[in-house]
Amino acid sequence: MRRAMAEAEVGDDVKGEDPTVNDLQKTAAEMFGMEAALFVPSGTMGNLIAVMAHCRERGDEMIVGDLSHLHVYEQGGSAQLAGVHATTVTTRPDGSFDLKQLESKIRHGYPDPHYPRSRLICVENTHNIQGGRVLPLHFLQDVRALADQHGLALHMDGARVMNAAVAQGVPVAAILQHVHTASVCLSKGLGAPVGSVLAGPQDFISRAVRCRKALGGGMRQAGIIAAAGKLSLQEMVGRLEEDHHNVKTFAQALIDCQPPLFAVDMAAVETNILRFRVEDPTLSPEEFCARMGQVGEGEEAALGQGIQVLMYPHVENSIRAVWHLGISPEDTQLAIQKMQFVASQHLKGKVETQ
């Protein structure tokens with residue numbers, strides 16, 4: 001990747017003259033089954049641009065899941081910067097939502113001055129907060145039919161949609177055919193250092209170019225980073241299966257821990273994100289993560305080395321751990337050893353204090 005970056009042919013992307021960026025955008029559009037694509041610095045910007053391009057009047061409204069990344073983790077940029085109001089539907093454990101509730105959120109009273117105008121529905125695939133869950137294809141098909149029925153656009157925050165494609169064993173275009181637009185992250189599991197791609201119809205991308213410029217996302221010799229992104233799409237998608245396998249390996253080790261200390265729903269372990277719980281109320285998620293991230297007393301003697309594993313406390317008293325390009329099967333085995341050491345030390349300490 002660094003070699004591709006160093007050797008990249010570049011130009012002025014603001015003027016559409018960077019050949020490597022243009023090549024990446026063409027490659028992405030073809031892979032996604034979309035008319036056109038746009039390289040942007042981040043997924044957050046890609047989502048914000050999509051909202052701005054779909055909701056072109058201040059006071060327009062989008063419908064999002066209450067646990068969606070766009071709603072929870074992007075600083076309310078749609079309201080703060082785009083003047084777009086959000087209404088939420090309840091996110092189910094698999095990342096989907098109830099279609100009847102979704103339809104009930106669509107405003108039918110416009111142009112009554114009391115109401116905003118419904119313009120956009122947003123879905124997230126895979127679903128971050130819900131632990132990397134993959135949206136069922138039939139759900140996407142049903143949401144698209146509902147959107148078309150009411151004249152709304154459907155955007156996918158597809159930061160990890162490549163993980164969804166690998167998990168479902170389908171080309172990514174088979175997923176994205178159900179949405180009008182999508183943002184796809186090139187970093188994370190795909191390994192590029194920076195960047196996302198926003199894709200959709202040509203007229204949408206033309207508006208998106210203007211929005212990107214207004215947000216400061218217009219870059220000059222961006223081919224330096226686009227070269228890495230192109231490599232991600234062409235050569236790194238297949239390796240995501242390794243991440244998924246490593247997650248399942250670690251999750252099974254949590255379940256096998258004796259005496260039982262962790263709770264894992266294996267049916268929900270679908271991609272590269274793992275959410276699990278510590279069942280012992282005397283060991284908080286914060287304390288467990290702190291112990292995993294530092295070398296404890298007696299650890300080097302017991303394990304032959306110090307091991308630091310970074311994960312963090314998450315929603316609803318859970319713990320979140322994510323696998324990516326930098327975490328090998330060997331690293332996963334080391335993480336299992338560290339988890340078992342921390343668990344044994346905790347249980348030993350409980351016995352001694354009883």
Side-chain angles (χ1 to χ4, degrees), residues 42-131 133-136 138-161 164 175-176 178-183 196 198 200-201 204 207-208 211 214-215 314-316:
S42 70
T44 296
M45 183 181 286
N47 285 335
L48 178 57
I49 289 171
V51 171
M52 294 171 69
H54 284 302
C55 304
R56 286 175 272 173
E57 296 182 32
R58 294 181 66 85
D60 281 350
E61 184 174 66
M62 64 177 182
I63 304 170
V64 298
D66 60 346
L67 297 181
S68 65
H69 191 281
L70 200 155
H71 185 64
V72 176
Y73 291 127
E74 297 181 9
Q75 208 186 101
S78 298
Q80 183 183 166
L81 301 172
V84 175
H85 182 256
T87 189
T88 62
V89 291
T90 303
T91 304
R92 297 194 292 204
D94 67 351
S96 67
F97 16 85
D98 180 78
L99 293 178
K100 289 185 178 179
Q101 185 189 30
L102 174 62
E103 188 167 24
S104 75
K105 296 289 184 173
I106 299 172
R107 308 279 188 169
H108 301 291
Y110 186 86
D112 185 311
H114 295 89
Y115 306 115
R117 174 165 44 187
S118 299
R119 287 284 201 185
L120 176 65
I121 300 170
C122 297
V123 294
E124 181 178 336
N125 196 21
T126 63
H127 200 285
N128 184 0
I129 285 182
Q130 297 293 42
R133 298 303 300 271
V134 179
L135 294 184
H138 64 81
F139 167 73
L140 292 174
Q141 188 173 3
D142 291 343
V143 175
R144 174 60 181 268
L146 187 64
D148 289 345
Q149 177 186 342
H150 294 283
L152 305 183
L154 177 58
H155 172 70
M156 177 181 287
D157 174 0
R160 297 178 178 87
V161 72
I175 296 175
L176 298 183
H178 300 299
V179 300
H180 295 100
T181 62
S183 60
S196 287
L198 181 63
F204 166 83
R207 296 195 302 273
C211 297
L215 295 174
H314 200 39
V315 298
E316 298 177 353

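The analysis underlying the following values was restricted to heavy atoms, covering all of them including side chains, and did not include hydrogens, waters or symmetry mates. Since this is a predicted model, take the numbers as computed values, not measurements. Just so you know, residue 1 is the first one in the sequence shown, and it goes up from there.
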Exercise for review: Using the ring of Y110 (Phe, Tyr or Trp, six-membered ring only), decide whether R117 places NZ or CZ under 6.0 Å from its centre and within 45 degrees of its axis.
Suggested key: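 Yes.
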Are [X] and [Y] linked by a side-chain donor-acceptor pair shorter than 3.5 Å?
{"X": "N47", "Y": "H155", "answer": "yes"}
{"X": "E61", "Y": "H85", "answer": "yes"}
{"X": "D66", "Y": "T90", "answer": "no"}

So, applying side-chain contact (heavy atoms from CB on, under 4.5 Å) with [X], which one of [options] is it?
{"X": "M62", "options": "T87, L120, T88", "result": "L120"}
{"X": "I121", "options": "V64, L152, V179, V89", "result": "L152"}
{"X": "L67", "options": "E124, H127, R92", "result": "H127"}

Check your understanding: How about Y115: does its OH atom have over 12 heavy atoms from other parts shown lying under 6.0 Å from it?
Key ->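 No, because the 6.0 Å sphere around OH of Y115 holds 12 heavy atoms or fewer from other groups.
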Exercise for review: Look at the side chain of D157 and the backbone N and O of A159, then say whether any donor-acceptor pair between them is shorter than 3.5 Å.
Suggested key: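 Yes, the answer is positive, given that a donor and an acceptor are paired below the 3.5 Å cut-off.
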Practice item. Describe, in one word, how the ring planes of H150 and H108 are oriented to each other, choosing from parallel (under 30°), tilted (30 to 60°) and perpendicular (over 60°). Key: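 Tilted, since the angle between the ring planes falls between 30° and 60°.
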Review point. Roughly how far, to the nearest 0.5 Å, is CE of M52 from OG of S78?
Key: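 Reported to 0.5 Å precision, the distance equals 9.5 Å.
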Check your understanding: How close do F204 and A50 get, heavy atom to heavy atom, and via which atoms?
Key ->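 Nearest heavy atoms, F204 then A50: CZ-CA, 3.9 Å.
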Check your understanding: Can we say E57 and R119 salt-bridge, meaning some charged N sits less than 4.0 Å from an Asp/Glu carboxylate O?
Key ->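 Looking at E57 and R119, the cut-off is met.
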